[in-house]
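Below is one structure; the comments refer to it alone.
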Amino acid sequence: MSNKDLASIFSKIALYMEIDDVPFKPQAYERAAGTIESLQESVEDIYKSEGIKGLEKIPGVGRGIAEKIEEYIKTGKVSEYEKLRKKIPVDITELTRIEGIGPKMVRDLYKHLKVKTLRDLEKAARAGKIRGLPHFGEKTEQNILQGIEFVKRSKGRWLLGTIYPFVEGLVGKLEDSPLITRAVAAGSVRRMKETIGDVDILITTKKPEKAIEYFLSLISYEKIWGKGATKVSVRTAEGFDIDMRVLPQEIFGAGLQYFTGSKEHNVRLRAYAQSRGFKLSEYGLFRGRKRVACATEEDVYKALGMAYIEPELREDQGEIDAALKDVLPRVIEYDSLRGDLQVQTNWTDGKDSIETMAKKARSLGREYIAITDHTRDLAMVGGMDEEKIARQMVEIDKLNAKFKEQREKFRILKGAEVNVRKDGTLDIADETLAKLDVVGISVHSNFKMTKKDMTSRIVRAMRNPHADILFHPTGRLIQKRSPYEVDMDEIIKEAKNTGTVLEINAFPDRLDLQETNIRKAVDAGCRMAIDSDAHAAEHLEYVKYGIAQARRGWAEKKDAINAWPLEKMLPFLKSK
DNA sequence: GCCGTTTTCGGCCCGACTGTTTTCAGTCG
């Protein structure tokens with residue numbers, strides 16, 4: 001059993017209850033599902049060590065849901081869910097994934113046409129059976145068919161690293177237009193979530209119709225979902241959706257706040273606003289009929305009596321309470337990195353030379369980079385042995401001498417990405433590791449070990465006195481591979497004890513550590529390094545996604561060692 | 001079913017759009 005399975009059961013219960021028009025309970029189940037899914041500890045472990053009481057400490061979990069979790073752990077089933085499922089035996093999550101289909105439509109489709117799955121739905125729609133149902137029409141049928149296409153084709157979410165450059169370019173062009181006074185990407189892009197469902201762009205303009213036409217002229221789109229006086233919604237040729245909305249200047253802050261989300265943050269914020277006698281919506285913050293200042297987001301948060309909350313923190317993870325008490329962290333800024341401590345070159349599986357990588361890094365304002373090519377056991381990429389490392393060190397000395405000659409304040413550090421073997425030993429001899437400035441250690445093999453074995457494997461590697469940084473600590477690849485089984489609480493504890501730095505790998509499909517672990521590492525007082533893991537010069541810019549991840553994990557500048565100057569960073573590494 | 005600087009009972013976020021109907025339910029963000 002896993003948290004994910006349990007979360008999925010609870011969100012299905014929520015959907016079934018919505019079918020039956022049960023008031024309020026669906027939200028409760030949905031909320032519990034959300035927190036359980038993003039929980040780091042497994043509920044089973046919590047239950048084993050602390051029982052029902054422990055479960056009730058999970059936000060959104062009370063007596064009732066805690067008992068259902070207990071039932072699931074003991075029997076593998078939740079009888080309430082089984083009961084509901086028997087009544088309407090449909091794949092409710094799959095069906096409601098279709099845009100425009102919610103619980104009530106699922107109910108009607110099942111009642112009249114016995115639609116249980118996406119296949120059934122597609123068949124019914126193609127046969128033209130749906131248009132005949134009460135409250136359904138031809139258009140609904142068409143929309144269902146298109147929705148099915150989308151779900152089948154794209155699975156719905158995109159990596160931030162795929163979407164972000166596109167959005168950045170688009171917003172830049174919008175801003176440059178004399179038609180448009182302001183353009184901002186809101187939604188999950190602004191919050192820098194690791195994956196993006198769709199893109200929301202907000203603009204202010206004196207000529208909405210023309211601005212919308214201009215927007216359409218900038219992109220190639222496959223379909224216009226809808227176009228009105230102040231809003232347009234399209235599917236791009238690349239296959240994702242963009243909504244662009246025109247907002248009045250004077251309530252831009254309220255609108256931006258609203259459309260930035262997250263939904264959970266907004267729900268919480270609005271409930272708080274209401275408790276203080278306000279009403280908050282995308283049209284402003286109101287006290288009675290009177291609109292309170294809301295031209296900027298700062299105005300909105302200020303009027304509610306709290307500190308400004310950075311978009312990356314708006315996930316209902318305690319940020320509102322912290323803002324009220326004015327104890328939010330000063331999260332690390334996007335321009336604060338001085339160095340990059342994981343860079344691959346054409347000595348192994350990178351595309352570019354050491355010199356090319358160094359020059360590009362310097363042009364991005366970095367003051368130092370560590371060259372960390374793979375080591376011996378990664379034979380397929382030409383992993384380096386002791387001898388090859390020695391040769392590379394000579395090459396780096398030469399390049400550093402050249403920078404010095406040109407009076408450039410830039411330094412290439414000698415490093416390696418050393419493999420952690422199955423038993424926790426490293427694949428390079430200690431004498432060689434001792435000569436390197438930066439020793440990264442990482443797991444690249446034997447991913448399928450028990451949690452206990454994987455944890456002690458990594459702990460052993462961290463205890464090597466030469467091991468400086470644990471690279472991509474959980475090994476996950478977003479949308480491709482789950483993290484390996486590892487006890488991150490233990491790893492974080494050991495990182496603190498041994499002075500091992502934990503990496504926040506910024507490569508778009510890694511983003512590893514994840515934000516929940518970053519937050520734990522911050523709380524534990526661990527140091528982290530935000531690295532691009534570049535395998536080509538253009539990848540060096542990926543660090544912004546790592547910084548975003550660090551911000552989402554409430555990390556400050558002091559927490560990231562490569563935000564420190566070299567004179568402080570290097571002695572820190574060597575002090576281990 | 002959850003939750004508590006107004007509460008252990010009585011609340012629970014808000015508004016627009018769509019498609020189907022003629023006043024609104026369902027869905028979405």
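Chain A is the first sequence line, chain B the second, and so forth, proteins listed ahead of strands; every chain is numbered from 1. As the structure is a computational prediction, the values presented were derived from the model and not from experiment.
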Rounding to an integer number of angstrom, what distance separates dT23(B) and dC28(B) when you compare their P atoms? 25 Å

Touch check for K139(A), heavy atoms < 4.0 angstrom, all strands: base, sugar-phosphate only, or nothing? sugar-phosphate

Ignoring hydrogens and angles, are the base of dG29(B) and the side chain of Y258(A) linked by a donor-acceptor pair under 3.5 Å? yes

Does a side-chain N or O of K263(A) approach OP1 or OP2 of dC14(B) to a distance below 4.0 Å, or not? no

Gap in Å between the two P atoms, one belonging to dC17(B) and one to dC12(B), rounded: 25 Å

Describe the nucleic acid contact of K104(A) in one word from base, sugar-phosphate, nothing, applying a heavy-atom distance below 4.0 Å. sugar-phosphate

Remember a base hit wins even if backbone is also touched, and classify I19(A) as base, sugar-phosphate or nothing at under 4.0 Å, heavy atoms. nothing

The side chain of T140(A) lies closest to which of these nucleotides: dC2(B), dG19(B), dG15(B)? dG19(B)

The answer to which of H135(A) and E99(A) contacts DNA chain B further toward the 5' end, by nearest nucleotide, is H135(A)

Ring centres within less than 5.5 Å and planes less than 30° apart: is that true of F24(A) and dC2(B) in this structure? no

With a cut-off of under 6.0 Å to the ring centre and 45° to the axis, is K210(A) in cation-pi contact with Y214(A)? no

With a 4.0 Å cut-off, would you call D241(A) and R235(A) a salt bridge? yes

Heavy atoms only, 4.0 Å cut-off, all strands: where does R63(A) land among base, sugar-phosphate and nothing? sugar-phosphate

Would you measure the distance from the P atom in dG11(B) across to the matching atom in dT18(B) and give it in whole Å? 35 Å

Can you find a heavy atom in the side chain of R191(A) that is under 4.5 Å from one in the side chain of E312(A)? no

How would you label the contact of P103(A) with the nucleic acid (heavy atoms, under 4.0 Å): base, sugar-phosphate, or nothing? sugar-phosphate

Across the strands shown, which category fits N266(A) at heavy-atom distances under 4.0 angstrom: base, sugar-phosphate, nothing? nothing

Start at the 5' end of DNA chain B and walk down; is the nucleotide closest to R276(A) or to I101(A) reached first? R276(A)

Does D120(A) pair with K114(A) as a salt bridge, N-O distance under 4.0 Å? no

Output a table of donor-acceptor pairs, distance under 3.5 Å, between side-chain atoms of residues 45-59 of chain A and any protein atom two or more places apart or on a different chain; print 'none' if there are none.
| unit_1 | atom_1 | unit_2 | atom_2 | d |
| --- | --- | --- | --- | --- |
| Y47(A) | OH | E70(A) | OE2 | 2.6 |
| S49(A) | OG | D45(A) | O | 3.1 |
| S49(A) | OG | I46(A) | O | 3.4 |
| E50(A) | OE1 | K57(A) | NZ | 2.6 |
| E56(A) | OE2 | R63(A) | NH1 | 3.1 |

Sugar-phosphate only, base, or nothing, as touched by R245(A) at under 4.0 Å among non-hydrogen atoms: nothing

So what does K279(A) hit on the nucleic acid, given a heavy-atom distance under 4.0 Å: a base, only sugar-phosphate, or nothing? sugar-phosphate

So what does E138(A) touch, heavy atoms closer than 4.0 Å: a base, only the sugar-phosphate, or nothing? sugar-phosphate

Scan K325(A) against the nucleic acid and name what it touches under 4.0 Å (heavy atoms): base, sugar-phosphate only, or nothing. nothing

